2 protein chains.
Amino acid sequence: MENEGAGQGLHARVLESLGPAITAGEYPPGTILRTDELEQRFDVSRTVIREAIRVLESMHLVASRRRVGVTVRPAEEWNVYDPRVIGWRLAGPDRPRQLRSLTVLRSAVEPAAAGLAARHATPTQCAELTEHAMGMVATSRGQQLDAYLVHDTAFHRIVLTASGNEMFARLGDVVAAVLTGRTHHHVMFTDPDPAAVTLHVQVAEAVRIGDAERAEALTREITVGAMAELDVLAP
Amino acid sequence: MENEGAGQGLHARVLESLGPAITAGEYPPGTILRTDELEQRFDVSRTVIREAIRVLESMHLVASRRRVGVTVRPAEEWNVYDPRVIGWRLAGPDRPRQLRSLTVLRSAVEPAAAGLAARHATPTQCAELTEHAMGMVATSRGQQLDAYLVHDTAFHRIVLTASGNEMFARLGDVVAAVLTGRTHHHVMFTDPDPAAVTLHVQVAEAVRIGDAERAEALTREITVGAMAELDVLAP
DNA sequence: GTGACGTAAAAGTCATACTTAAAAATGCGC
DNA sequence: GCGCATTTTTAAGTATGACTTTTACGTCAC
């Protein structure tokens, strides 16, 4: 996930404080925030608070109504595909749930993307794919998890992009976040599953020769593995 | 798609003017919008413009930099999952492309959702599913496309919700938009494909008895049909 | 109790003054 | 003429006070 950090400007600072708090459930649905209260709390002007509120509103995290105030909306109404919302939830107490739902999404999307990639990938993309698969092999043993992760995320990002579907392509950050989260939460000592590494190599090959069926099936195996892995860890 | 229309407030009015224009490609990437110029154009105060800009910025449609202005970002950077962005693009010249990419997304997600629904659907949801499948049968003949559409969208929305995955559930609006768009663009005279109607009935049944494999396979058939249908129409 | 009405509270809007960052122009030494 | 530091300038960012609009809520008459 792109680290926008505190962003620039005061409104971003307010946003980076309220956003995580709301998505963490610190303000139950229906909670009312008053503008002038926030003004004092953050010691900034109305302008700044209002702009932050507008952004939260566009994420459907809050709704602003006259004579009432800014009310926190229930989680079911949030724009859960907003990269920032995803980032905040991954950083908060809802992390396990979020990681799980994203992995399920990934399981649905990535096989389809791989199938399309087999048809549409450019020679360059095929080459990069093979390259990163090789990189994964090279770094799959001996505590090189960070280097491995770089190749892994790059690999999946390329598959999603090569699918030629813009909606798939924009999930690259999400997948990267899941993979990163997985690695850093996992037993950082265990080397990656050799079977998974092999699968990646095979996917790269299937995409290269344009075998959509095979690329899809192999990718499905990868995601099934990811789901299984999550089941072992999760509560 | 939820018709937020012009929303309330002046900033929403500005947004509903700039958003569609940008997503329609009327301002090529890199185009610079100056705040005071917009102020005059819309005859509103700085506050209003700034709030609208903040929202566009949160959608990654524009980036605001000091001493430069508000620059329009390239389409690859847009938050294409934002419901409003989807709505704007569906209403603009990019409609065919958008409809296509959403249908592909749907093809990936819905079968998986149906599989999960077979495991997690509540009795109530099963009942509703059957009810709407019946409704589709009842309205599938004799120019009742509007009534049919109501059942169709409800059906798919329930499947997505019943999957128990929040990310899937939030695609309900998207699927509804695609179905609606399909119906209203299509030959509004042709009755729905009887095979598709039957498939919906069978999906409802599979979900009811908890046959995940079958629910997934049948839903895949539905989405394959939707893709094929699109291929016939599209340029 | 119900309905009309008035009040007040909070968001929304506007205008203006001021601050800050950074692009661009300027000037200086070499 | 070229490179680098310095100043200038521009447009966004912030702060503030005055005013408008919507609307929840309490009041009063019936």
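Chain letters run A, B, ... following the sequence lines, proteins first and then strands; every chain starts at 1. Quantities reported herein were computed from a predicted structural model and do not represent experimental measurements.
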K.L.:
Using whole Å, what does the distance between atom P of nucleotide C/dA11 and atom CZ of A/Arg34 come to?
P.N.:
7 Å

K.L.:
Salt bridge or not between B/Arg182 and B/Asp152? Use side-chain N to carboxylate O under 4.0 Å.
P.N.:
yes

K.L.:
Should A/Leu99 and A/Leu90 be marked as a side chain to side chain contact (heavy atoms under 4.5 Å, CB included) after you check the CA-CA gap, both sets of side-chain angles, and the distance that decides it?
P.N.:
CA-CA 7 Å; A/Leu99 219 44; A/Leu90 281 176; 3.6 Å; yes

K.L.:
Rounded to whole angstroms, how far apart are CG on A/Leu38 and P on C/dA10?
P.N.:
13 Å

K.L.:
Measure CD/B/Glu51 against P/C/dG12 and give the value in whole Å, please.
P.N.:
7 Å

K.L.:
Would you check, one step at a time, whether the test side-chain hydrogen bond (donor to acceptor under 3.5 Å, both in side chains) holds for B/Glu110 with B/Thr223?
P.N.:
CA-CA 8 Å; B/Glu110 286 209 78; B/Thr223 60; over 6 Å; no

K.L.:
Rounded to whole angstrom units, what separation is found between the CZ atom of B/Arg50 and the P atom of C/dG12?
P.N.:
16 Å

K.L.:
Hey, where on DNA chain D does chain A first and last touch, going 5' to 3'? Cut-off is any atom under 4.0 Å from a heavy atom.
P.N.:
D/dT14 to D/dA24

K.L.:
Quick one: A/Leu10 CG to C/dC18 C1', roughly how many Å, whole number?
P.N.:
14 Å

K.L.:
Taking A/Arg89 first and then B/Glu166, would you say they form a salt bridge - that is, a charged N and a carboxylate O separated by under 4.0 Å?
P.N.:
yes

K.L.:
Quick check on DNA chain D: between A/Val48 and B/Leu33, whose nearest nucleotide comes earlier from the 5' end?
P.N.:
B/Leu33

K.L.:
Please report, rounded to the nearest Å, how far the C1' atom of C/dC14 is from the CD1 atom of B/Ile49.
P.N.:
13 Å

K.L.:
Please tell me which of A/Gly69 and A/Thr47 maps to the more 5' nucleotide of DNA chain C, matching each residue to the nucleotide holding its nearest heavy atom.
P.N.:
A/Gly69

K.L.:
With the threshold set at 4.0 Å, does a side-chain nitrogen-carboxylate oxygen contact exist between A/Arg84 and A/Glu16?
P.N.:
no

K.L.:
When you measure from the side-chain N and O atoms of A/Thr35 to the phosphate of C/dA11, is any distance below 4.0 Å, counting only OP1 and OP2?
P.N.:
yes

K.L.:
Indicate yes or no: does B/Arg157 engage B/Asp173 in a salt bridge with an N to O separation below 4.0 Å.
P.N.:
yes

K.L.:
Nearest heavy atom decides the nucleotide; on that basis, is B/Arg46 or A/Arg66 closer to the 5' end of DNA chain D?
P.N.:
B/Arg46

K.L.:
Let's test your reading of the model: under 3.5 Å, does the base of C/dA8 pair with the side chain of A/Arg67 as donor and acceptor?
P.N.:
yes

K.L.:
Answer with yes or no after comparing the ring centroid distance for A/His200 and A/His132 against a 6.0 Å cut-off, counting only values under it.
P.N.:
no

K.L.:
Between B/Ile32 (CD1) and C/dA23 (P), how many Å, whole number?
P.N.:
11 Å

